[in-house]
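So that the names make sense, note that chain A is the first sequence line, chain B the second, and so on, each numbered from 1. Because the structure is predicted, anything quoted here is derived from the model rather than measured.
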Amino acid sequence: MKNFYITTAIDYANGSPHLGHAYEKVLTDVIARHERLKGKKVHFLTGLDEHGQKVQQSARKADMSPQAFCDIQAEKFISMCKLLNISNDDYIRTTQKRHKDVVCTLLQKLFDAGDIYMAEYKGFYSTRQEQFLQERDKVDGKWPEIFGEIIEISEPNYFFKTSKYQTWLVDFIKENEDFIFPRFRAKQVLEFLKEPLNDLSISRPKERLEWGIPLPFDQNYVTYVWFDALVNYISAIGYGTPEFSQNWPVDYHVIGKDILVPPHSVYWTIMLKACGIELPKSLLVHGWWLSSGEKMSKSLGNIVNPLDLVEQFGTDSFRYFLMREMNVGQDSDFSADLFFTRYTSDLGNDLGNLVSRALNMSHRYCGGIVKAQSVFEEPEKELKELFNNSIEEIKRMFDGMQFHTALDKIFTFIRGINRYAEVRAPWKLAKSTESTDAQRLETSLAYMAEGLRLSAIMLASVMPSISEQILGLLGQSRLEAYGDSLVWGNTLEGSKLGEQAILFPRPQAK
RNA sequence: CGCAGGAUGGAGCAGCUUGGUAGCUCGUCAGGCUCAUAACCUGAAGGUCGUUGGUUCAAAUCCAGCUCCUGCACCCA
């Protein structure tokens, strides 16, 4: 059976990891983990885009070779993945041989098929910035000072016949409504495609850009940006080998809204089509984190460093916040206050405190052992029904990328357990001498434990470590796939509970 | 100009596809509880769902106009 294959966009080596990178990784990781828990075999790819002018420049500035520079950058991005507990199965770097080989294969294939041709590329070139300028770069009708000397040059370059596939692409997007998620994004693509498509310039002369993959049919040029970066999705899984079909077609390319049009929706789809490769099943397009309504960007300098929050509050708390707060596809505001509220209120007060009180009472009243669920009265019925009535919907929400509402629903259940504890009041039952109350006491603690077990499993894709920790405290050795484990039962009967634990410590009040 | 997204009690959001008593979290106020991370539970106050008009027995939800916010150069998820 084919694997569930999911990718993030690869990060550009000329930059440092920030919230945006972190979010995309976490989002993709949650989906990957969710699918694994559903029992699927998953292949999760992320990586680094290492070629290009910016990298070449940065490396020169730092007085090192581009490759050495990339190695340092790769280290940074990979350690962010580790910090965030990202479960990727592979990490591709575009300087790897396996990638370059596939890029060359595709280029040669399209060249042979006549889809790549040479033509004059005319434009204004800034020698200082080492880039072509556009009319829109002008300020008050003039090129700004920062570009230095501007010369008009005309040079031959290679082009890819994207225009040839425009009609096909429009039809394809119209016919495949699920190709782009959320759907409204497809409208933007179609809007873009109303204008005639220019053929894509895919090369740069080597004397200007040496840090790239040489064209197989003309060593004087290297390939430019998209023909390099996008190909990672197939080079990483062995395009051209028998293993390729184990993963391809990809189930989700998770990308930011900035690189939907035109790179993924237009260039990538056309490249695949032209090469006779099956198309991705879906592009999952997420929005941006804003800081009080403003985009977070390097130029604005308002980037929140995810590492800081992770260090202080833990990886899972951070992951929870990202998934709880962002409606996938929309933009969301980020603020430390918001984070703090979620952490304290949802995680600390509702969940953490519940674990703590449940364990404490179990030790105090039941010797730290989960007893039988021997009583079934109104409170038990209510709690069990709360679970049974929401579990299917929660699963559906996860499948439909509605993580924020799914988490809301899960925490409604967790609050339901707190309410149950209040109604049953085990601390009162413990004082009673009636034998039915003794049974109620045992049952109530068993119910709380069972509720927590189910909560932990439901939260597993978002908070893998916390989930495991809770299950451990409940005497479960490890996390099982959803299957039968996500059903109200009494699998915990006889389990020995762990010592009381503070899962989400309150930060010291200043 | 055009395109896209957004506008729902003090704050942040869900609901809008498939019209039918407006929901959640935080905050505020009052009460309860004492097992627990000054946590938990209950109740209350607070919204003419941006605006105008239309369709309908009925509209936050469908349709049209308008207003305001955000994005649509490079960088960037």
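For the P atoms, the distance from B/U70 to B/U56 is 38 Å, rounded to whole Å. A distance of about 26 Å separates the C1' atoms of B/C72 and B/G12, rounded to the whole Å. Taking atom P in both B/U37 and B/A44, the straight-line distance is 30 Å, to the nearest Å. Comparing the C1' positions of B/U48 and B/U8 gives a spacing of 12 Å, expressed to the nearest Å. Taking atom C1' in both B/U51 and B/G6, one finds a spacing of 15 Å when rounded to whole Å.
Checking A/Tyr365 against A/Glu442 by side-chain atom types alone, no donor-acceptor pair falls below 3.5 Å.
Residue A/Lys25 is classed as having no contact, given no heavy-atom separation below 4.0 Å to the nucleic acid. Residue A/Gly287 is in base contact, counting any heavy-atom pair closer than 4.0 Å across all strands shown. Among the heavy atoms of the strands, none lies under 4.0 Å from A/Phe411. Looking at heavy-atom distances under 4.0 Å, A/Glu24 makes contact with sugar-phosphate atoms alone, never a base. As judged by a 4.0 angstrom heavy-atom cut-off over every strand, A/Asn353 is placed among the base-contacting residues. Residue A/Leu338 is classed as having no contact, given no heavy-atom separation below 4.0 Å to the nucleic acid. Within 4.0 Å (heavy atoms only), A/Gly20 reaches at least one base atom of the nucleic acid.
Under the 3.5 Å distance criterion, the side-chain polar atoms of A/Asn88 are left unmatched by any main-chain donor or acceptor of A/Phe44. Within the 3.5 Å criterion, the main-chain N or O of A/Val261 finds no donor-acceptor partner in the side chain of A/Gln188.
Within the 4.5 Å cutoff, the side chain of A/Met448 has no heavy atoms near those of the A/Leu383 side chain.
For A/Arg342 and B/U25, the shortest distance from a side-chain N or O to OP1 or OP2 is not below 4.0 Å. For the pair A/Asn327 and B/A14, the criterion of a side-chain N or O lying under 4.0 Å from OP1 or OP2 is met. Regarding contacts with the backbone of B/C13, every side-chain N or O of A/Arg324 stays at 4.0 angstrom or more from both OP1 and OP2. Applying the 4.0 Å criterion to OP1 and OP2 of B/C26, one finds that A/Ser345 has a side-chain N or O inside that range. Proximity of A/His286 to the phosphate of B/A77: no side-chain N or O atom is located under 4.0 Å from OP1 or OP2.
Taking the six-membered ring for Trp and the full ring otherwise, A/His34 and A/Phe403 have centroids separated by 6.0 Å or more.
Cation-pi geometry between A/Arg204 and A/Tyr121 is met: under 6.0 angstrom from the ring centre, within 45 degrees of the axis.
With B/C35, B/C76, B/C24 as the choices, the nucleotide that has an atom nearest any side-chain atom of A/Arg415 turns out to be B/C24. When the nucleotides B/C41, B/C76, B/U34 are ranked by their closest atom to the side chain of A/Asn418, B/C41 comes out on top. Of the candidate nucleotides B/G32, B/A39, B/C76, B/A39 has the atom nearest to the side chain of A/Arg506. Set against B/C33, B/C76, B/A36, the side chain of A/Lys428 has B/C33 as its closest nucleotide. When distances run from any side-chain atom of A/Ile502 to the nucleotides B/U42, B/U37, B/C76, the shortest one goes to B/U37. Listed nucleotides B/A14, B/C26, B/U25 differ in distance to A/His404; the shortest reach to its side chain belongs to B/A14. Listed nucleotides: B/A77, B/U37, B/C41. Nearest to the side chain of A/Asp258: B/A77. Distances from the side chain of A/Gln500 to the nucleotides B/A77, B/A36, B/G5 place B/A36 closest.
Contacts with RNA chain B (heavy atom under 4.0 Å) in residues 181-202 of chain A: A/Phe184, A/Lys187, A/Gln188, A/Glu191, listed by number. For RNA chain B, none of the residues of residues 384-391 of chain A falls under the heavy-atom distance limit of 4.0 Å.
The pair A/Arg419-A/Glu382 does not meet the salt-bridge criterion, since no charged nitrogen lies less than 4.0 angstrom from a carboxylate oxygen. Using a cut-off of 4.0 Å between Lys/Arg side-chain N and Asp/Glu carboxylate O, A/Asp171 and A/Lys174 are scored as not salt-bridged.
Ring pair A/Phe334/A/Phe321 is perpendicular by interplanar angle, where above 60° counts as perpendicular and below 30° as parallel. Ring geometry for A/His21 versus A/His18: interplanar angle of 30 to 60°, hence tilted.
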- Message: Let's test your reading of the pairing rules: Watson-Crick or G-U wobble, both distances under 3.5 Å, then write RNA chain B as a dot-bracket string with ( ), [ ], | and dots.
- Response: .(((((((.[[[[.)....(..]]]].(((((.......))))).....[[[[[..)....]]]]])))))).....
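Remark: A/Ile417 CD1 to A/Arg357 CZ distance equals 10.5 Å, nearest 0.5 Å.
As rounded to whole Å, 20 Å separates atom P of B/A36 from atom CD1 of A/Ile414.
Each of A/Thr94, A/Thr95, A/Asn14 was checked for a side-chain hydrogen bond (donor to acceptor under 3.5 Å, both in side chains) with A/Glu50, and the lone residue meeting it is A/Thr95. When A/Arg424, A/Gln373, A/Arg440 are each tested for a side-chain hydrogen bond (donor to acceptor under 3.5 Å, both in side chains) with A/Glu380, only one passes: A/Arg424.
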